[in-house]
**Student:** 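Here's a structure for you.
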Amino acid sequence: MSKTSDTLIIIPAYNEEESIAGVLRGLLDLELDADILVVNDGSVDRTQEIVSQFPVFIVSHPNNLGYGASLQSGYRFAAKRGYRFVAQYDADGQHDSKDLINVLKELKKGEADVVIGSRFLGNPDFHPGWMKIVAIVFFRGLIRLFTGKKVLDPTSGLRGLGRRAFAYYSGRKTFPSDFPDADIIIDMLLKKFTVIEIPI
């Protein structure tokens, strides 16, 4: 399979045999001008077998390296193959595939390096549960403390990145390893990448 677009959708996946087929069908049904890459992060279920039945790229880690490592593998894939835009998309089926269209549309305006799909801006009924709320509030606080910027949904898995941003984070030792959702936003803001949120 060869590159067909300037846009790549990256889907990190670890033991997602129950949801990955539905996620891929939903994206393919949109007929977006985008290629799809699934990063199989050492799954021990049928994730790789299922993904191999779809017209998408797949990269497999020999063992489970974590969400951040999966994203970086996707960034490296995109950088080496000359993509201009990437979108991160979760494999568990939580996203509405149509929201991806809006994230990519905003990204391709060229006004931001990173576009975060914010569930808090887009859904007044969004309540992720107390444990996740505590984590989100904590990460919001960290971002505000270190950068002075307000990010409502630092744990959103739906994001778009332009080449300047993802190519930088594809390099060795440039991707934060501890809390990739929040740490990378802090790092992006400190390095003067333009980060915006839009409703999803």
Side-chain angles (χ1 to χ4, degrees), residues 1 4-5 7-78 83 85-105 107 115-123 125-136 139 153-161 166 175 179-182 184 197-200:
M1 186 172 162
T4 64
S5 172
T7 304
L8 181 69
I9 302 167
I10 301 168
I11 306 176
Y14 175 63
N15 292 345
E16 298 288 0
E17 66 178 9
E18 298 296 327
S19 59
I20 191 64
V23 167
L24 292 176
R25 285 192 198 99
L27 291 174
L28 291 168
D29 285 349
L30 289 177
E31 297 184 346
L32 294 172
D33 180 19
D35 296 332
I36 299 172
L37 167 69
V38 176
V39 181
N40 174 34
D41 190 26
S43 297
V44 295
D45 64 358
R46 296 178 58 246
T47 295
Q48 180 160 330
E49 176 188 342
I50 293 168
V51 172
S52 67
Q53 299 170 14
F54 289 86
V56 301
F57 295 106
I58 183 167
V59 169
S60 291
H61 293 162
N63 47 53
N64 181 233
L65 300 178
Y67 183 69
S70 296
L71 289 178
Q72 192 174 45
S73 290
Y75 295 168
R76 286 175 177 164
F77 183 98
Y83 288 95
F85 308 100
V86 302
Q88 299 169 200
Y89 197 86
D90 287 339
D92 58 8
Q94 68 172 288
H95 299 311
D96 183 336
S97 57
K98 294 179 182 177
D99 284 328
L100 177 64
I101 296 172
N102 292 329
V103 168
L104 288 173
K105 183 178 179 181
L107 180 66
V115 177
I116 300 172
S118 174
R119 297 161 291 184
F120 292 98
L121 288 175
N123 183 0
D125 298 319
F126 176 63
H127 299 292
W130 287 110
M131 292 294 289
K132 288 190 176 181
I133 282 290
V134 169
I136 288 168
F139 291 140
D153 200 351
T155 65
S156 173
L158 180 52
R159 300 181 186 182
L161 291 85
F166 74 74
F175 198 98
F179 301 101
D181 284 327
I184 197 168
E197 290 183 280
I198 66 167
I200 61 169

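Heavy-atom basis, side chains included; hydrogens, waters and symmetry copies ignored.
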**Student:** With Gln88, which residues qualify under side-chain contact (heavy atoms from CB on, under 4.5 Å), at least two apart?
**Tutor:**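 For Gln88 the side-chain contact (heavy atoms from CB on, under 4.5 Å) partners, ignoring immediate neighbours, are Tyr67, Leu71, Tyr75, Arg159, Leu161.
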**Student:** If the condition is side chain to side chain donor-acceptor pair (under 3.5 Å), which residues does Thr7 pass it with, not counting sequence neighbours?
**Tutor:**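 Residues passing side chain to side chain donor-acceptor pair (under 3.5 Å) with Thr7: Lys108.
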**Student:** Do other residues, nucleotides or ligands put more than 12 heavy atoms under 6.0 Å from the CD atom of Gln53?
**Tutor:**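 Check passes, neighbour count above 12.
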**Student:** Could you tell me the separation between the CD1 atom of Ile11 and the NE2 atom of His95, rounded to the nearest 0.5 Å?
**Tutor:** 9.5 Å
**Student:** On a heavy-atom basis, which atom in Ala87 and which in Leu104 lie closest, and how many Å separate them?
**Tutor:** CB-CD2, 4.0 Å
**Student:** Would you mind listing every ring pair (Phe, Tyr, Trp, His ring centres under 6.0 Å) that reaches into residues 29-50, with sequence neighbours excluded?
**Tutor:** none
**Student:** By ring-ring contact (aromatic ring centres under 6.0 Å, His included), which residues pair with Phe85, not counting sequence neighbours?
**Tutor:**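 Per chain and number, Phe85 pairs via ring-ring contact (aromatic ring centres under 6.0 Å, His included) with no residue.
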**Student:** To the closest 0.5 Å, what do you measure between CG (Asp90) and CD1 (Ile20)?
**Tutor:** 10.0 Å
**Student:** Looking at side-chain heavy atoms only, is the closest gap between Leu65 and Ser70 below 4.5 Å?
**Tutor:**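 No. Closest side-chain heavy atoms not under 4.5 Å.
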**Student:** Using the test salt bridge (Lys or Arg N to Asp or Glu O under 4.0 Å), find all partners of Asp41 that sit at least two apart in sequence or belong to another chain.
**Tutor:**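 Result, salt bridge (Lys or Arg N to Asp or Glu O under 4.0 Å) vs Asp41: none returned.
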**Student:** Looking only at non-hydrogen atoms, find the nearest pair between Asp33 and Thr4 and report the distance.
**Tutor:** OD1-O, 4.2 Å
**Student:** Can you name the residues that form a ring-ring contact (aromatic ring centres under 6.0 Å, His included) with Phe77, not counting sequence neighbours?
**Tutor:**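 Residues passing ring-ring contact (aromatic ring centres under 6.0 Å, His included) with Phe77: Phe57.
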**Student:** What residues form a side chain to side chain donor-acceptor pair (under 3.5 Å) with Ser43, not counting sequence neighbours?
**Tutor:**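 Result, side chain to side chain donor-acceptor pair (under 3.5 Å) vs Ser43: Asn40.
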**Student:** From Asn102 CG over to Ile200 CD1, what is the distance, rounded to the nearest 0.5 angstrom?
**Tutor:**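 Nearest 0.5 Å value for the CG-CD1 distance: 9.5 Å.
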**Student:** For Phe166, what residues pass the ring-ring contact (aromatic ring centres under 6.0 Å, His included) criterion, not counting sequence neighbours?
**Tutor:** none
**Student:** Could you give the distance from CG (Asp92) to OG (Ser19), rounded to the nearest 0.5 Å?
**Tutor:** 6.0 Å
**Student:** Can you name the nearest heavy-atom pair linking Ser60 to Gln48, along with the distance?
**Tutor:** OG-OE1, 2.5 Å
**Student:** Could you please spell out the steps behind the side chain to side chain contact (heavy atoms under 4.5 Å, CB included) verdict for Tyr89 and Val23?
**Tutor:** CA-CA 9 Å; Tyr89 197 86; Val23 167; 3.7 Å; yes
**Student:** Can you sort out the partners of Tyr83 under side chain to side chain donor-acceptor pair (under 3.5 Å), two or more places apart, ordered by chain and number?
**Tutor:**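 For Tyr83, the residues satisfying side chain to side chain donor-acceptor pair (under 3.5 Å) (neighbours in sequence not counted) are Asp35.
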**Student:** State whether the number of non-hydrogen atoms from other residues, nucleotides or ligands found under 6.0 Å of Gln94 atom CD is greater than 12.
**Tutor:**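 Correct, the count exceeds 12.
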**Student:** Nearest 0.5 Å please: distance from the CD1 atom of Ile50 over to the CG atom of Leu24.
**Tutor:** 9.5 Å
**Student:** Can you name the closest pair of heavy atoms from Ile9 and Ala34 and give their distance?
**Tutor:**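 It is CD1-CB, 4.0 Å.
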**Student:** Just verifying a value: how many Å separate Leu27 CG and Ile101 CD1, rounded to the nearest 0.5 Å?
**Tutor:** 9.5 Å
**Student:** Mind checking what makes ring-ring contact (aromatic ring centres under 6.0 Å, His included) contact with His61, not counting sequence neighbours?
**Tutor:**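 None.
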**Student:** Contact between Ile136 and Phe120 at the side-chain level, heavy atoms closer than 4.5 Å - yes or no?
**Tutor:** yes
**Student:** Where do Arg25 and Ser97 land on the side chain to side chain donor-acceptor pair (under 3.5 Å) test, with the steps shown first?
**Tutor:** CA-CA 10 Å; Arg25 285 192 198 99; Ser97 57; over 6 Å; no
**Student:** For Pro55 and Leu28, work out which heavy atoms get closest and say how close.
**Tutor:**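 Taking every non-hydrogen atom into account, CD-CD1, 3.9 Å.
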**Student:** With heavy-atom distances below 4.5 Å as the criterion, would you say the side chains of Glu197 and Leu121 are in contact?
**Tutor:**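 In short, these two side chains touch, coming nearer than 4.5 Å.
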**Student:** Among all residues two or more places apart in sequence or in another chain, which pass the side chain to side chain donor-acceptor pair (under 3.5 Å) test with Ser52?
**Tutor:**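 Here no residue qualifies.
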**Student:** Minimum heavy-atom separation for Ala91 and Pro12, please, with both atom names.
**Tutor:**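 Smallest interatomic distance, heavy atoms only, reads CB-O, 3.3 Å.
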**Student:** Please collect all salt bridge (charged side-chain N to carboxylate O under 4.0 Å, His left out) contacts where either partner lies in residues 46-67, sequence neighbours excluded, each pair once.
**Tutor:** Arg46-Glu49
